[in-house]
Amino acid sequence: MASHKLSDADRICATCETIVNWALTPRELGVKETLPWHPNPRSWFRTITSCPFCQLVGRFVYPDYFTEARLSERKFFANAESVSGATRVTWMVFGHYGREEEELSVLALADDTDATLMDFWLVTPDSPLGQRPIWQKPLPNFKDRITVIRSWLDDCCSPGSDHQHCRPLSTSSLPTRLLYVRQNGYQWSKNVRLVCTNTLPTDTRYTTLSHCWGPPTVKPPLKTTRPMMQKFLKNISFSALPRNYKHAIAMTRKLGIDYIWIDSLCIIQGDAEDWEIESARMATYYRGSYLTIGAAASTNCHGGFIRDLDAADYSTWAAGRHSGGTILMRKETVSVLGLAGSDVMEQNPLLNRGWVLQEQVLSPRTVFCTGSGQLLWQCHSLFTSEDATVHTYRFSSLQRAVNCAFDMSDKRIAQLLWWQWVSDYSRRQLTYGTDRAPAIAGLVNFYQSETGHTPLLGLWKETIGYDLTWFITGNTGSSAAKETQFPSWSWLAHLDATDATQLLSHVNIAHEETWGTMRTEMLVVSCSVDWRGQPFTSELQGVALELEGLAKDAELLSPDDDTNLAWMKLPENRWDDVDMRLTCTLDRLPDHNVPEERPDEVRPVVWLHLCRITHDYEARKGQPEETVISDFFLVLEKMPQKQRRYRRLGLASRGLVEPRGTPAAKRSFPEEVFSPEDRGRFRLV
């Protein structure tokens, strides 16, 4: 443990001492209290050069905010909260803004920042958290910080662990091949070799590497090919490995693990059969991994990820002397990592890659090496940062989609989880558009094994009426129809692998913590998906889907601007009859080069009823009990000269809100509009 030799020059001011005394007083977790800080900016400015904590806060304040006229108008205080092993402090300002008085986080003093940026954490050097290398000195080296990974692994894997959602170490089959990396003593450059695992015990521990290969313009990583196979089984030169591989092997060795799985070396490249088989098994490989190492900040395989902390980051750290000893303070990690907003994608490009989603979701434990140099930990029970200032309860942008506490026994939760994955996947990028299906094959196989459902190109036969209610928001891509091997009814046909602004959404059966009731009268008459080899990782050879349901001929009014939102109605109704007009979200922008898609053109379509979802809400905030009824329709266009063959154009919906218990709330829109004679069969292409 590092010692902090502080002098009187490092003593904190009296106002900061008040906050420290509160932090050092034993109290229950979650207790919050508002404490006075400096009475005005002048008082703060008098101590900002001498008090380490005042100085640290001042580093993140926009300097032009305080004009001479405002110096006496502000009063500062701090919201302190007792959390596990530390105290979180949010500095606040109180003053006159126009005619009203407001409370604002001090972040309001910072330029273009997020509200979490002015949260700071206080710990004592002798506490479990304070003894971590990242808290002990401004710039700890990576060798010291590897102890944090060991402690995370021990907490997660040891008998009696309180990680209730973390399953025991997998004893399932091993990957077909692994890299043997064991060394005698510390020899950084000791070579490695490829091994076939058929003779290894099934409980052999191995790590996996999650990383970006890089664009085609970058030198590719070292690969195992058929001609190189025998050579690599004997020896692989350490010096020939990309930096990501060297760093992953070094970390694996430091953790005392003998094997690692790296895709380009453990899958035979250029061998279509081996690639199809191994890619389909990736779900099993990552689920069976002892630890996945995520090279989050490296844009390609040569970038490397073992790095000491950036000196600039440690402008976020301070040690101060108080009447009882030494206290440490750090600015919350959210700002350092960019986790509060979209910067997480820019600072950590791995998290924007399509292939990586299934690696994140299925790995039981992952350590991310981020752009700031700080480590992040994710397992089935916990998401946290190396300095512990990011916790599961404070962080959701990854945890929402990468929620590993799977509960597939409840089919409603399983459905929600699947569409969270798909939505997250849709905003990620792939180097090659042909990887759309293979990159999600692991999740498909996992979901199928857990639910027993039948996969239909990103949808599921058993829930097809609900699954077809997907729609695209954001950039809907080119107006011209895309050439794709996938049918129009699959969302895989509409994703742009290189466009991260496109987002696929889905109708949510759960809203505001209220489960809806879904009803569908649509039937699957027949369905089949034929692959040349392994499902999802080989060439798609044939698809058939025939549905039976209530449907009517309708008219679609093409939008008059660059939007995918259109209107639809029955031919006998008027366009100004709002009650009988449906909102339609098209799967792509209209192509104005096609006559029937030009602005304000009316084109014949068919609307096929998919399902009805009903939400009953209790009285809230002065609102009466009410029922929200939503009907969803597939918008189809008949294919020229093809009997009963239709392609999907989009999704239409109609909503109704009525007081609960009224006859209107019980009525069925499909029954009002459709008759038994409207039931028909439709082959979708």
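Residue numbers count from 1 along this sequence.
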For this session: Kindly say whether Q420 contributes a backbone atom to a donor-acceptor pair with the side chain of S423 at under 3.5 angstrom?
Result: no
Exercise. Is there a side-chain contact between T431 and R353, using heavy atoms and a 4.5 Å cut-off?
Worked result: yes
For this session: Using a 4.5 Å cut-off on heavy atoms from C-beta on, say whether the side chain of E359 contacts that of M282.
Result: yes
Seminar exercise, completed: Tightest non-hydrogen contact, residues P571 and A554, listed as CD-CA, 4.0 Å
Exercise. Do you know the tightest heavy-atom contact between A441 and F536?
Worked result: CB-CB, 3.7 Å
Problem set entry | K638 and V606, any side-chain heavy atoms less than 4.5 Å apart | no
Exercise. So which heavy atom on R427 is nearest to which on N352, and how close?
Worked result: O-OD1, 3.5 Å
Exercise. Ion pair present between K411 and E462, side-chain N to carboxylate O less than 4.0 angstrom?
Worked result: no
Seminar exercise, completed: d(T614 OG1, D631 CG) to nearest 0.5 Å is 7.5 Å
Exercise. For the side chain of D467 and the backbone of W460, is there at least one donor-acceptor N/O pair under 3.5 Å apart?
Worked result: yes
For this session: Look at the side chain of T585 and the backbone N and O of F471, then say whether any donor-acceptor pair between them is shorter than 3.5 Å.
Result: no
Problem set entry | Check: D424 side chain, L357 main-chain N or O, donor-acceptor pair, under 3.5 Å | no
Exercise. Any side-chain heavy atom of R683 within less than 4.5 Å of one from V525?
Worked result: no
Exercise. Looking just at side-chain N and O atoms, do T208 and T292 make a donor-acceptor pair shorter than 3.5 Å?
Worked result: yes
For this session: Give the ring-plane orientation class for H494 versus W470, where under 30° counts as parallel, over 60° as perpendicular and anything between as tilted.
Result: tilted
Exercise. Atom CG in D678, atom CG in L608: separation rounded to 0.5 Å?
Worked result: 11.0 Å
Problem set entry | Donor-acceptor pair, side chain of N445 and main chain of A280, under 3.5 angstrom | yes
Problem set entry | Nearest heavy-atom neighbours spanning L382 and H163 | CB-CE1, 4.3 Å
Exercise. Are S210 and Q360 close enough, and set up right, to give a side chain to side chain contact (heavy atoms under 4.5 Å, CB included), and what steps lead you there?
Worked result: CA-CA 8 Å; S210 178; Q360 289 177 258; 5.8 Å; no
Exercise. With E276, which of Q534, R532, R281 fulfils side chain to side chain donor-acceptor pair (under 3.5 Å)?
Worked result: R532
Exercise. Going by heavy atoms in the side chains, are V685 and P487 under 4.5 Å from each other?
Worked result: no
Exercise. Is the backbone of L492 close enough, under 3.5 Å, to the side chain of R436 for a donor and an acceptor to pair up by distance?
Worked result: yes
Exercise. Which distance, rounded to the nearest 0.5 Å, do you find between the CE of M568 and the OG of S653?
Worked result: 9.0 Å
Problem set entry | Audit row: L636, V605, side chain to side chain contact (heavy atoms under 4.5 Å, CB included) steps and yes/no | CA-CA 6 Å; L636 303 172; V605 295; over 6 Å; no
Exercise. Just checking, is any N or O donor in the side chain of T537 or S279 under 3.5 Å from an acceptor N or O on the other one?
Worked result: no
Exercise. Would you find a donor on one side and an acceptor on the other, under 3.5 Å apart, between the side chain of S488 and the backbone of R648?
Worked result: yes
Problem set entry | W491 and D587: side chain donor to acceptor below 3.5 Å | no
Exercise. Parallel, tilted or perpendicular: which describes the rings of W607 and F674, with under 30° parallel and over 60° perpendicular?
Worked result: tilted
Exercise. In terms of ring plane angle, is the pair Y646 and F682 parallel, tilted or perpendicular, where the classes change at 30° and 60°?
Worked result: perpendicular
Problem set entry | From CG (L649) to CZ (R647), nearest 0.5 Å | 5.0 Å
Exercise. Among V635, L651, L556, which one satisfies side chain to side chain contact (heavy atoms under 4.5 Å, CB included) with L586?
Worked result: L556
For this session: Can you measure from CG (L545) to SG (C527) and round to the nearest 0.5 angstrom?
Result: 6.5 Å
Problem set entry | Under 3.5 Å donor-acceptor, Q485 side chain and L540 backbone | yes
Exercise. For W489 and V543, what are the C-alpha separation, side-chain angles and deciding distance, and is it a side chain to side chain contact (heavy atoms under 4.5 Å, CB included)?
Worked result: CA-CA 11 Å; W489 49 266; V543 183; 3.4 Å; yes
Exercise. Can you find a pair of side-chain heavy atoms, one from H380 and one from P364, that are under 4.5 Å apart?
Worked result: yes
Problem set entry | Side-chain (W418) to main-chain (Y447) donor-acceptor, under 3.5 angstrom | no
For this session: Check whether any side-chain heavy atom of R644 sits under 4.5 Å from a side-chain heavy atom of E546, and report yes or no.
Result: yes
Exercise. Between G442 and Q358, which heavy-atom pair has the shortest distance, and what is it?
Worked result: N-OE1, 2.7 Å
Exercise. Side-chain contact, heavy-atom cut-off 4.5 Å: T366 with Y286?
Worked result: no
Exercise. Can you tell me how far the CG atom of L610 sits from the CG atom of L634, to the nearest 0.5 Å?
Worked result: 5.0 Å
For this session: Go through the steps for W377 and R365 under the test side chain to side chain contact (heavy atoms under 4.5 Å, CB included), then give the verdict.
Result: CA-CA 8 Å; W377 170 267; R365 289 161 291 277; 3.6 Å; yes
For this session: Provide the closest heavy-atom pair for T284 versus S173 in the form atom of the first, atom of the second, distance.
Result: CG2-O, 4.3 Å
